[in-house]
Each structure stands twice: as C-alpha cells, then as structure tokens.
Amino acid sequence: MVKKKVLVDVCGPVDLSGDEGWVAFDAPALVGASLRFVSGEPDGNRYRVRYYRDAEQQLRARIWFGPETEGPPGHSHGGAMAAVLDEVLGLAAWAAGHRVVVGNLNISFRNLLPLEEVVTVESTVISAAGRKVMVHGRICLGETVFAEAECLCITLPGK
C-alpha cells in the first residue's frame with residue numbers, strides 16, 4: 001500500500017500580486033520541473049511563489065514563507081531563505097538568457113524573517129563574462145532587508 005501525502009492548507013489564500021508595472025513571468029515554462037523544491041507546491045505550507053519581471057526586465061518574486069520553513073520560533077530558517085535565493089537568483093540568470101547552474105552562493109542574513117509574511121525577492125544580473133554570470137539579490141519587505149546574496153552562476157557546457 002502506497003501512502004499519499006495529503007496537503008492540508010491550514011493558512012488559507014495568500015496574496016502574491018506584484019507591484020504596478022510588473023508583468024507575470026512563467027518560470028516553470030523557462031526551466032521545467034527543476035523548480036520543485038521551492039516552487040513545487042503553489043498551495044503548500046512551505047513556500048508560495050509568484051514570479052514577475054519589472055520595468056527593467058529584472059526578475060522579481062513574491063514569496064510567502066509558511067510554517068514549514070520555521071527555524072527560530074516564529075521565523076523562517078536561514079536554510080529556507082538560502083533555498084529561495086538559490087532558486088530566484090539562478091532563475092534570474094536563466095531569464096536573462098543564460099543556461100546556468102549556481103556555482104557559489106554567498107548570503108548575508110540581516111534580520112529574522114517572520115513566518116507567513118509575503119516578501120519580495122529582487123534580483124539583478126550584474127555581469128556575464130565567459131561562462132560566469134554574476135547575480136545579486138535580496139529578500140526584503142519595504143525597507144527591511146532580511147538577506148542579501150551574491151550568486152556566481154556557471155553556464156552549462158555547450159549551451
């Protein structure tokens with residue numbers, strides 16, 4: 001007998017709408033099923049994610065950190081924040097036309113991130129030279145920055 005995981009939405013609907021001028025971005029259509037860990041359960045109790053491009057065509061995400069991301073009581077685990085930055089910053093490189101894997105992700109944690117908050121993840125592709133693509137990003141809510149990251153992506157061979 002195979003047991004199925006039953007997902008119970010204990011948190012209800014979450015508003016992940018973007019800012020004015022943002023255009024919805026279909027991330028799974030770009031990279032396929034590889035977005036399973038963070039983006040895989042759109043109604044789950046771990047993460048809920050919606051991607052956008054802003055007026056400058058930079059990738060943005062609205063992300064809700066649910067109760068299954070808890071680390072310190074009432075706050076998201078740093079590893080949960082790192083997983084989000086890994087996905088969003090790598091995807092930012094893909095969205096800019098670079099087929100990459102993340103080679104190095106350097107994160108500075110600035111503030112505790114309360115659970116069940118909808119935050120913005122901003123990304124900016126800083127440079128692309130040879131097989132190296134540098135992307136910077138941060139998780140924020142208004143003026144509060146929860147984490148900042150520098151991501152060195154490496155293009156896939158033959159691509």
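Across all their heavy atoms, Arg62 and Val118 have their closest contact at CD-CG1, 4.0 Å. Considering every non-hydrogen atom in both Ile139 and Phe65, the closest pair reads CD1-CZ, 4.3 Å. Between Pro72 and Leu112 the shortest heavy-atom distance is CG-CD2, 4.1 Å. Here the closest heavy-atom approach between residue Pro114 and residue Phe146 is recorded as CD-CE2, 3.9 Å. Closest heavy-atom contact between His98 and Ala128: CE1-CB, 3.6 Å. When every heavy atom of Thr124 is checked against every heavy atom of Gln58, the shortest pair comes out as CA-OE1, 3.1 Å.
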*Yes or no on side-chain contact (heavy atoms from CB on, under 4.5 Å) for Cys140 and Glu122, after CA distance, side-chain angles and deciding distance?*
CA-CA 8 Å; Cys140 55; Glu122 301 173 346; 3.7 Å; yes
*Report the C-alpha distance between Arg48 and Ile63 in whole Å, list the side-chain angles of each, state the deciding distance to 0.1 Å, and finish with yes or no for side-chain contact (heavy atoms from CB on, under 4.5 Å).*
CA-CA 6 Å; Arg48 297 184 192 178; Ile63 301 187; over 6 Å; no
*Hey, mind stepping through Val49 and Leu16 against side-chain contact (heavy atoms from CB on, under 4.5 Å) and telling me if it holds?*
CA-CA 7 Å; Val49 182; Leu16 296 173; 5.7 Å; no
*Quick one: do Trp22 and Arg60 satisfy side-chain contact (heavy atoms from CB on, under 4.5 Å)? Show the steps, please.*
CA-CA 8 Å; Trp22 288 13; Arg60 300 289 181 253; 3.7 Å; yes
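Two residues are said to be in side-chain contact when any heavy atoms from C-beta on lie closer than 4.5 Å; Pro28 and Asp26 meet this criterion. Side-chain atoms of Ile126 and Val135, non-hydrogen and from C-beta on, never get closer than 4.5 Å to each other. Proximity of Arg131 to Pro157: side-chain heavy atoms (C-beta onward) are separated by under 4.5 Å at one or more points. The side-chain heavy atoms of Lys132 and Ile154, taken from C-beta on, include a pair separated by under 4.5 Å. Proximity of Met134 to Leu152: side-chain heavy atoms (C-beta onward) are separated by under 4.5 Å at one or more points.
To the nearest 0.5 Å, atom CD of residue Glu117 and atom OG1 of residue Thr144 are 9.5 Å apart. Distance CD1/Ile107 to SG/Cys151: 9.0 Å, rounded to 0.5 Å. For the atom pair OG of Ser76 and CD of Glu70, the computed distance is 9.0 Å after rounding to the nearest 0.5 Å.
In this structure, the side chain of Ser123 engages the main chain of Leu59 through a donor-acceptor pair within 3.5 Å. Remark: the backbone N or O of Glu150 is not paired with any side-chain donor or acceptor of Asn106 at under 3.5 angstrom.
Using a 4.5 Å cut-off between side-chain heavy atoms of Ile, Leu, Val, Met, Phe, Trp and Tyr, with links allowed through other members, Trp64 and Tyr52 fall into different hydrophobic clusters. Residues Val145 and Phe109 do not share a hydrophobic cluster, defined by chaining ILVMFWY side chains whose heavy atoms lie under 4.5 Å apart. Linking ILVMFWY side-chain heavy atoms closer than 4.5 Å, directly or via other members, places Val119 and Leu115 in two distinct hydrophobic clusters. In this structure, Val125 is not a member of the same hydrophobic cluster as Val23, with clusters built from ILVMFWY side-chain heavy atoms closer than 4.5 Å.
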Would you list the atom pairs, donor with acceptor, under 3.5 Å between side chains in residues 80-96 and any protein atom, with sequence neighbours excluded?
{"unit_1": "Glu87", "atom_1": "OE2", "unit_2": "Ser39", "atom_2": "OG", "d": "2.4"}
{"unit_1": "Glu87", "atom_1": "OE2", "unit_2": "Tyr51", "atom_2": "OH", "d": "2.4"}
{"unit_1": "Trp94", "atom_1": "NE1", "unit_2": "Val100", "atom_2": "O", "d": "2.9"}

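Residue-environment remark: NE2 (His77) stays at or below the threshold of 12 foreign heavy atoms within 6.0 Å.
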